[in-house]
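Keep in mind it's a predicted model, so treat the numbers as computed, not measured. Proteins come first, then strands; the chains are lettered A, B, ... in the order of their sequence lines, and each starts at number 1.
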Amino acid sequence: MNAPPAIDHAALAENMPLDEINVSDPKIYQQDVWMHYFRRLRRDAPVHYCKDSPIGPFWSVTKYKDIVATEVNHKVFSSSSALGGITLRDRPAELELPMFIAMDPPRHDDQRKIVQPIVSPANLENFSGLIRSRIARTLDSLPRGEVFDWVDRVSIELTGQMLATLFDFPFEDRRKLTYWSDVATTDLANPDRLIESEEEREKVFGECLAYFMRLWNERVNAKEPGGDLISMLAHGQATRDMSPREYLGNVVLLIVGGNDTTRNSMSGSVWFFDQNPQEYAKLRANPALLESAVPEIIRYQTPLSYMRRTALADAEIGGRKIRKGDKIAMWYISGNRDEDVIEDPDRFIIDRPRPRQHLSFGFGIHRCVGNRLGELQLKILWEEILARDLKIEVVAPPKRLFSSFVHGITQLQVRIQP
Amino acid sequence: MPRVTFVAHDGTQREVDAPVGESVMRAAVLNNVPGIDADCGGECACATCHVYVDEAWLGKLAAPSEMEASMLAFVDGSQPNSRLSCQIKATAELDGLVVNLPKSQH
């Protein structure tokens, strides 16, 4: 069978009519060609209206400063799940999934404050020893001289273990968390989809909720409330009377937020260092550079490509008129490559002067709760790789997720030199 | 030019110039004062330039905006004298301002 001729996406993106560009197409992320389309939009239509797409019309905000301005204006640009929430595809009202990331103040603030202490500086200090010992054990168990999938053996394994700890979830069942997370974010148009329909997604959510209800019931009656996320939700004033649907929503949020994001930065980091041996040489010579390498990994990967908002009133972004009710995608993945703010943005450079200046965590009241935990896991992972001086060789380009929301790597075949 | 003193968590003091009209956060960044991350660059959007304002100076500051108050509500170790230093503009009246830094920006 002949392979279809390769499309030159750089040329296509330059020449196609602007109104035909649809950056919500999951294929451009799976094929890793998204950057060409955003480069064009940042230059020619930085706030771009796509009037026709499978998910309906939507605005794209592609420049760093416009994204920050949109994000801090949460009074006009709503996250509410009742309006469609944080992803572009609207779901039928009966499938609405309330969760605090998809709420506006004051409910958002009240619920976020309940779970936030899980990632307090004191807790992170407590976790760091456990994270290090698990990473050490995982790295030491990896085969030498044999090809294996880094995503499965390292990225999923470590983030699954971390999540199990945060929820105090039965450790042997931790892959269920990964599965629920993947089901929650599966694009139904994905040829490799895990589920076939929204009904099936709901069925899996039902299993997830049943499991988590059992844990809730165990913990709600505990005399000494535990320090895990489920106990926090079950005892917190703003969350203890949640409906089961809202509990499910918040569980899904914490699973996806605590899993997919760090997983894909862990996988991405191996690929970036493989592709940029001079950067790895710098790090090996000076491990203190991890302080700036970690945020650079997170910028360069941008684990979530965008967040959606819905306009509550007529407004303006970057000089374009937005109408009440319009959907807006703030493309972090594009803002993180904005040449007006970040020098040489398409290059992976671990000793940038201001490495923490990136959009991957979002800004404003919805800024990632777990950002410091994600950074900590990545930092310890690379400290332990360096301590062992592992030579990780990538043997095939990464396989990427069919999704415009989760910027994911599904497989990364590597070999560690014996 | 107004002078601002940053007191690190371990008690180390740094006194720097803060040009009138510039934010206290900018004064820290321009002078490489450690302990101010300022990830968002001064948009009141990340809360990584958190400081505790010395009680003697609290009354001289304008009240936090609604946005700043929202961001401060999520800060670890938030106290009544917590402020985001990107939202404090240096003025002649604030010459001598003392702010204390948290152990880390979170």
Side-chain angles (χ1 to χ4, degrees), chain A residues 64-76 100 104-106 108-125 238 291-292 295 298-299 330 335 338 340-342 353-373 375-376, chain B residues 6-11 22-52 63-80 82-89 100-106:
Chain A
Y64 190 103
K65 286 187 173 156
D66 290 335
I67 291 169
V68 176
T70 306
E71 189 137 48
V72 299
N73 195 358
H74 59 257
K75 287 199 165 154
V76 172
F100 72 80
D104 295 328
H108 158 269
D109 302 21
D110 295 343
Q111 294 199 1
R112 177 181 168 125
K113 279 179 210 161
I114 300 295
V115 297
Q116 197 167 268
I118 194 84
V119 288
S120 68
N123 249 17
L124 294 193
E125 230 172 283
E291 283 303 325
S292 54
I298 295 168
R299 176 189 76 90
M330 305 176 292
D338 185 345
D340 287 346
V341 175
I342 296 161
R354 289 208 54 213
R356 303 188 54 80
Q357 178 184 266
H358 67 71
L359 296 167
S360 298
F361 296 130
F363 279 123
I365 59 169
H366 292 284
R367 186 169 166 83
C368 176
V369 175
N371 59 349
R372 298 295 187 187
L373 177 58
E375 290 174 344
L376 181 68
Chain B
F6 294 86
V7 184
H9 192 72
D10 65 6
E22 284 282 14
S23 70
V24 169
M25 176 279 279
R26 285 281 295 163
V29 170
L30 290 172
N31 290 285
N32 295 314
V33 175
I36 297 282
D37 290 353
D39 292 358
C40 78
E43 302 291 331
C44 193
C46 70
T48 63
C49 65
H50 175 212
V51 297
Y52 300 109
S65 67
E66 201 180 331
M67 183 64 187
E68 187 186 347
S70 301
M71 295 306 295
L72 283 169
F74 299 127
V75 159
D76 183 83
S78 194
Q79 294 174 12
S82 286
R83 292 298 301 264
L84 298 183
S85 56
C86 71
Q87 299 301 302
I88 306 174
K89 290 266 178 291
N100 298 283
L101 297 171
K103 190 172 175 196
S104 65
Q105 296 292 342
H106 190 66

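- The contact between A/L124 and chain B is made entirely by side chain atoms (from C-beta outward), counting heavy-atom distances below 4.5 Å.
- Contacts from residues 25-38 of chain B to chain A, taken as heavy-atom pairs separated by less than 4.5 Å, involve B/D37, B/A38 in sequence order.
- Closest approach of A/R367 to A/R112, counting heavy atoms only: O-NH1, 2.7 Å.
- Taking the six-membered ring where tryptophan is involved, the planes of A/F100 and A/H108 are tilted, since the angle between them lies from 30° to 60°.
- Annotation for A/K65: atom NZ does not count as buried by contact number, only 12 or fewer foreign heavy atoms lying within 6.0 Å.
- The parts of B/Q105 that come within reach of chain A are both its backbone and its side chain, each placing non-hydrogen atoms under 4.5 angstrom from that chain.
- Minimum heavy-atom separation, A/I365 to B/S70: CG2-CB, 3.8 Å.
- Annotation for B/G42 and B/C86: closest pair CA-CB, 3.7 Å, computed over non-hydrogen atoms.
- Heavy atoms of A/V68 lying under 4.5 Å from chain B belong exclusively to its side chain.
- For B/Q87 (side chain) and B/P64 (main-chain N/O), no donor-acceptor pair under 3.5 Å exists by modelled atom type.
- In this pair, A/H358 and A/F361 present their aromatic rings tilted. The plane angle is within the 30 to 60° band.
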